[in-house]
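I have placed the structure first, in the form of structure tokens, so that the comments after it can refer back to it.
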Number of protein chains: 2
Amino acid sequence: MKTLTNETLDQVAVFLKSMAETTRLKILRSLHDGEKTVSEIMEESEANQSNVSKHLALLTAAHIVTFRKNGTSVYYKISDPNITDICDTVCRSIAERIRQERVMLKNIQKGVAL
Amino acid sequence: MKTLTNETLDQVAVFLKSMAETTRLKILRSLHDGEKTVSEIMEESEANQSNVSKHLALLTAAHIVTFRKNGTSVYYKISDPNITDICDTVCRSIAERIRQERVMLKNIQKGVAL
DNA sequence: TAATTATATTACTATATAGTCATATTTTGA
DNA sequence: TCAAAATATGACTATATAGTAATATAATTA
């Protein structure tokens, strides 16, 4: 990481921004178990048609998902498997933080009990 | 990832947002080889004092960095080692994409040469 | 061909936030 | 105590973007 150029950091920022949004993460979660149509994604992500379409366009531009058309439907799927790794790492970090907060809370409670 | 609750996805989004910004990535790059003062970070990230302070406050709130005070200086360091993993994964993804674009470009050139 | 279904796009609003300048705060040393 | 140095904060501007409603486009079927 120390050696990354400014230009590369810009690309990293663009990539992370494309993931760093609740509705898009819901869409990605919905796509995690395979290809889905826009309608299916709408249901599972609980977002409206216009909104889902726009987020899918953004994720496509970011090379995170791809699509194929069939009839009037469009099937999207995750094309970048690294997404999952990144989510997992972030989750580990969050989980660890919560764990540490619990420890701190316990220590405070001990103090109060004395 | 498939099993993450909406609430957890919100936390993931907050975490990723805190990383997904060029100046903050520059700051993290600068902190990668150890503790630095705000002044040192300013130089290495090429951002002004006010701006760096604000980004450091944000990174602190996100539990990504911590600080200690000594004299009039404040020393910041990365407290969440997962940052590096995430950057590395994103970089792998970007590198892979560039590699594939090169292949596609070559194929196009072959086509033109025929 | 007209109607229907699925999706994309455009225009708009509201909100968030990065950057900057000026100012405040804190610590140190003369 | 006063001045200087380091950092933080507040006010402001400009820009980006998420959400939404309305409309456009494309494929299918009656």
Side-chain angles (χ1 to χ4, degrees), chain A residues 6-7 9-31 35-79, chain B residues 6-7 9-31 35-79:
Chain A
N6 285 350
E7 199 196 347
L9 287 188
D10 282 340
Q11 291 181 276
V12 172
V14 167
F15 186 103
L16 289 175
K17 274 201 183 92
S18 69
M19 280 190 71
E21 207 278 327
T22 305
T23 304
R24 283 197 289 277
L25 288 173
K26 285 184 187 173
I27 290 172
L28 293 173
R29 177 182 60 189
S30 146
L31 291 177
E35 212 180 38
K36 300 265 169 72
T37 66
V38 177
S39 299
E40 288 168 332
I41 297 168
M42 283 169 57
E43 277 187 36
E44 295 186 15
S45 65
E46 295 169 295
N48 73 29
Q49 190 269 317
S50 169
N51 198 13
V52 167
S53 262
K54 283 174 75 172
H55 283 302
L56 286 169
L58 191 153
L59 290 170
T60 303
H63 300 273
I64 289 178
V65 303
T66 53
F67 61 87
R68 68 180 174 89
K69 297 186 175 187
N70 187 16
T72 58
S73 292
V74 182
Y75 292 79
Y76 282 88
K77 69 173 178 187
I78 292 175
S79 59
Chain B
N6 285 351
E7 198 196 349
L9 287 188
D10 281 341
Q11 291 182 275
V12 172
V14 168
F15 186 103
L16 290 174
K17 275 203 182 89
S18 67
M19 282 190 69
E21 207 279 325
T22 305
T23 304
R24 285 197 287 278
L25 287 173
K26 285 184 186 172
I27 290 173
L28 293 173
R29 178 182 60 190
S30 147
L31 291 178
E35 214 181 36
K36 300 264 169 70
T37 66
V38 176
S39 299
E40 289 168 332
I41 297 168
M42 281 167 58
E43 277 187 36
E44 296 187 13
S45 66
E46 295 168 295
N48 73 28
Q49 189 268 316
S50 169
N51 199 11
V52 168
S53 263
K54 283 171 80 168
H55 283 302
L56 285 169
L58 191 153
L59 289 170
T60 303
H63 300 273
I64 289 177
V65 302
T66 53
F67 62 87
R68 68 180 175 90
K69 297 186 176 186
N70 186 16
T72 58
S73 293
V74 182
Y75 292 79
Y76 281 87
K77 69 172 178 185
I78 292 176
S79 59

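A note on names: the letters A, B, ... follow the listed sequences, proteins ahead of strands, and every chain is numbered from 1.
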With B for base contact, S for sugar-phosphate-only contact and - for none (protein heavy atoms under 4.0 Å), nucleotides 25-30 of chain D reads --BS--
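- Checked by atom type and distance alone, the side chain of A/S79 pairs as donor or acceptor with a backbone atom of A/H63 at under 3.5 Å.
- A/L28 is listed as a side-chain neighbour of A/V65, based on a closest heavy-atom distance under 4.5 Å.
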Whether each nucleotide of nucleotides 11-22 of chain D has a protein heavy atom under 4.0 Å at its base (B), only at its sugar-phosphate (S) or at neither (-) is summarised, 5' to 3', as B------SBBBB
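- What separates NZ of B/K36 from P of D/dA6 is a distance of 17 Å, to the nearest Å.
- Rounded to whole Å, atom C1' of C/dA18 lies 17 Å from atom CG of A/L9.
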- Task: Please report the C-alpha distance between A/K17 and A/L58 in whole Å, then the side-chain angles of each, then the deciding distance to 0.1 Å, and finally whether the side chain to side chain contact (heavy atoms under 4.5 Å, CB included) criterion is met.
- Result: CA-CA 10 Å; A/K17 274 201 183 92; A/L58 191 153; over 6 Å; no
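- Remark: side-chain polar atoms of B/S18 are paired, donor with acceptor, to backbone N or O of B/F15 under 3.5 angstrom.
- For B/Y76 and D/dA6, the shortest distance from a side-chain N or O to OP1 or OP2 is not below 4.0 Å.
- The phosphate of D/dT7 (OP1 or OP2) has a side-chain N or O of B/S39 nearer than 4.0 angstrom.
- Applying the salt bridge (Lys or Arg N to Asp or Glu O under 4.0 Å) criterion to A/K36, with sequence neighbours excluded, gives A/D33, A/E44.
- The nearest whole Å value for the distance from the CE atom in B/M42 to the P atom in C/dG19 is 14 Å.
- One interatomic measurement links the two molecules: CZ of A/F67 to P of C/dT7, which rounds to 12 Å at whole-angstrom precision.
- In this structure, B/V74 and B/K69 have side chains that are in contact, with non-hydrogen atoms separated by less than 4.5 Å.
- Within 6.0 Å of CD in A/E35 there are more than 12 heavy atoms belonging to other residues, nucleotides or ligands.
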Full working for side chain to side chain contact (heavy atoms under 4.5 Å, CB included) between A/T22 and A/K26
CA-CA 6 Å; A/T22 305; A/K26 285 184 187 173; 4.0 Å; yes
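- One can place CG of B/L59 at 12 Å from P of D/dA8, the figure rounded to the nearest angstrom.
- At whole-Å resolution of the value, CD in A/E43 and C1' in C/dT7 are 15 Å apart.
- The closest donor-acceptor contact from the side chain of A/R24 to the backbone of A/L59 lies at 3.5 Å or more, if one exists at all.
- Among the atoms of the strands shown, only primed sugar atoms or phosphate atoms (P, OP1, OP2) are found under 4.0 Å from some heavy atom of B/S73.
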